[in-house]
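What follows is one structure encoded as structure tokens, with my remarks underneath.
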Amino acid sequence: MNFQLSPELKTLQQQVRQFVNKDLLPLEIEVELADGRLDPAVRARLQGRARELGLNGFALPKAMGGQGYNWLEQVVVSEEIGQVTNGLGFVIPDPAIAFTVATPEQVERYVRPACEGKRQDCYAITEAGAGSDPSQMETTAVRDGDAWVLNGEKWHVTFGDLADFAIVQAATDPAVGDGNTLFFVDLDSPGVEVLEHPRYMHHLIAGHLKIALRNVRVPQANVLGEVGQGLSLSKEWFRRERVMIAARCVGAAERLIREASDFAQQRVQFGQPISEYQAIQFMLADSLTEVWAARLMTYAAAQAADEAKTDEEVKLVHAKASMAKLYASEMVGRVADRAVQIFGGRGYMRENVAERYYREVRVERIWEGTSEIQRIIIAYSLYKRGVAAHLE
Ligand SMILES: Cc1cc2nc3c(=O)[nH]c(=O)nc-3n(C[C@H](O)[C@H](O)[C@H](O)COP(=O)(O)OP(=O)(O)OC[C@H]3O[C@@H](n4cnc5c(N)ncnc54)[C@H](O)[C@@H]3O)c2cc1C
């Protein structure tokens with residue numbers, strides 16, 4: 001196993017790093033103090049820049065308007081965009097979901113324009129009663145001629161405020177497939193209603209909306225994949241996104257350690273830089289050690305995904321994606337907590353990077369499956385496949 005980045009990967013890393021440092025970092029505090037609002041004109045400019053650099057649609061094949069990056073390349077991009085707060089890295093158009101099953105017509109209507117930044121997607125699975133347990137889903141889709149009629153309420157829909165279409169997961173006939181189906185839903189369809197735009201702990205450039213669907217008619221042509229394939233397509237998405245979350249957490253931790261270490265070497269108390277005190281050194285040393293471990297795990301999970309061919313190998317990748325997400329998300333929480341401590345009172349100010357990350361990274365242990373759900377996935381995989389398979 002060799003995690004030396006190839007010259008091509010280093011070039012990609014440099015390109016994203018340049019975008020983050022030059023275009024995104026200068027906006028952080030302004031966006032934070034505006035509670036996450038990003039001027040639409042600035043967003044459009046940044047999206048244009050991401051397109052120029054060939055970063056848009058980085059998770060999708062070229063035939064769909066994406067870059068055709070493999071998982072390792074996607075991890076390199078995600079690690080870099082994790083180094084900026086307020087979700088500013090999310091300006092890069094990177095449509096959600098395993099769109100590889102989209103029909104050619106769906107690609108032209110939704111996927112390609114989303115890769116180009118002309119349309120914005122969001123992904124609506126969670127409901128009031130169905131979070132970790134999707135079997136409690138109450139949103140239904142009932143067939144009516146050549147259309148489907150959707151009814152239900154979705155919670156926490158990220159990008160709901162900026163999106164013009166959603167991928168909605170709804171319960172269909174329980175006897176068909178896994179009993180769930182995904183639909184492309186245009187958000188200007190009659191019957192789609194924004195119920196609430198709640199405020200959250202972090203201030204990202206996108207909100208998380210509560211959306212109602214009341215007798216929303218969706219043509220059969222808007223079914224993504226097969227009827228009854230919804231749960232398994234969402235699972236595919238979770239697998240990919242968990243590894244990207246791990247990569248973003250690694251990037252966030254790298255930035256926190258860098259900034260806390262720089263600060264510690266400049267901040268003088270009791271006649272010497274606080275970096276000379278072991279209490280500070282131990283926090284930085286633990287953080288650096290943990291981010292290295294998380295980075296190796298994340299790269300290994302991505303490499304395993306790129307090499308997986310059989311169903312069994314994909315299942316193992318699923319467990320490894322959970323391990324990477326679990327460890328990296330909990331690691332970055334500890335790193336952010338230590339960074340706030342090293343910055344002292346400054347670390348509690350919203351203009352300070354540690355304060356922002358301290359709030360922002362908390363959700364990494366919740367979305368795309370909580371830490372407890374990751375542990376359940378890992379434990380069942382252990383029982384089925386044994387220890388050794390997970391360590392390869
Ligand atoms: C900022 C934010 C953005 C989000 N964006 C989206 C989005 O775009 N689209 C979307 O569909 N969803 C989104 N979500 C929802 C997110 O995926 C869910 O919050 C998450 O899956 C947990 O579901 P829940 O909140 O209902 O918690 P619950 O499932 O009610 O869990 C509550 C607690 O119980 C624990 N628990 C549950 N079951 C078990 C068990 N079997 N064993 C042990 N402990 C258990 C959980 O780990 C957790 O600690 C977002 C959430 C947030 C906070």
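In each ligand, atom 1 is the first atom listed, and ligand 1 is the first ligand listed.
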- Item | Identity and separation of the nearest protein heavy atom to atom 26 (O) of ligand 1 | G131 CA, 3.2 Å

- Do you know which of Y110, F183, Y123 makes ring-ring contact (aromatic ring centres under 6.0 Å, His included) with F165? Y110

- Item | Top protein contact for atom 45 (C) of ligand 1, by heavy-atom distance | E372 CB, 4.3 Å

- Item | Sub-4.0 Å protein heavy atom near atom 10 (C) of ligand 1 | yes

- Item | Any N/O pair T370/ligand 1 closer than 3.5 Å | yes

- Message: Below the 3.5 angstrom mark, is there an N/O of T126, backbone or side chain, next to an N/O of ligand 1?
- Response: yes

- Message: For atom 39 (C) of ligand 1, what's the nearest protein heavy-atom neighbour? Residue, atom name and distance, please.
- Response: I373 CD1, 4.2 Å

- Note on the structure: atom 21 (O) of ligand 1 has as its nearest protein heavy atom I366 O, 4.0 Å

- Message: Can you name the atoms of ligand 1, numbered from 1 with element, that are less than 4.0 Å from a heavy atom of Y123?
- Response: 7 (C), 8 (O), 9 (N), 10 (C), 11 (O)

- Check whether any N or O atom of W367, backbone or side chain, sits under 3.5 Å from an N or O atom of ligand 1, and answer yes or no. no

- Query: Using heavy atoms and a threshold below 4.0 Å, how should the contact between I376 and ligand 1 be classified: side chain, backbone, both, or neither?
  - Reply: side chain

- Message: Among all protein heavy atoms in this structure, tell me which lies nearest to atom 53 (C) of ligand 1, with the distance rounded to 0.1 Å.
- Response: V363 CG2, 3.6 Å

- Item | Cationic N near anionic O, under 4.0 Å, E32 to R359 | yes

- Item | Main-chain N/O of G386 paired with H390 side-chain donor or acceptor, under 3.5 Å | yes

- Message: Is the shortest side-chain heavy-atom distance between Q136 and E127 below 4.5 Å?
- Response: no

- Message: Between Q106 (side chain only) and V111 (backbone N and O only), is there a donor and an acceptor less than 3.5 Å apart?
- Response: no

- Item | I125-ligand 1 polar pair, N/O distance under 3.5 Å | yes

- Query: Are any side-chain N or O atoms of Q265 and backbone N or O atoms of S261, one a donor and one an acceptor, separated by less than 3.5 Å?
  - Reply: yes

- Does a side-chain N-to-carboxylate-O contact under 4.0 Å join R17 and E80? yes

- Task: Check H156 against ligand 1 and report side chain, backbone, both or neither, counting heavy atoms closer than 4.0 Å.
- Result: both

- At under 4.0 Å between heavy atoms, which part of E368 makes contact with ligand 1: side chain, backbone, both or neither? backbone

- Query: Looking only at protein heavy atoms, which one is nearest to atom 8 (O) of ligand 1, and how far off is it?
  - Reply: T158 N, 2.9 Å

- Short question: side chain of D306, backbone of L72 - any donor-acceptor pair under 3.5 Å? yes

- Can you tell if the side chain of E364 reaches within under 4.5 Å of the side chain of E330, non-hydrogen atoms only? no

- Task: Determine if the distance from atom 37 (C) of ligand 1 to the closest protein heavy atom is below 4.0 Å.
- Result: yes

- Query: Under 4.0 Å between a Lys/Arg side-chain N and an Asp/Glu carboxylate O for K309 and E313?
  - Reply: no

- So F343 and F263, would you call those rings parallel, tilted or perpendicular, with 30° and 60° as cut-offs? tilted

- For atom 27 (O) of ligand 1, closest protein heavy-atom neighbour: S132 OG, 4.3 Å

- Please check atom 34 (O) of ligand 1 for a protein heavy-atom neighbour under 4.0 Å. no

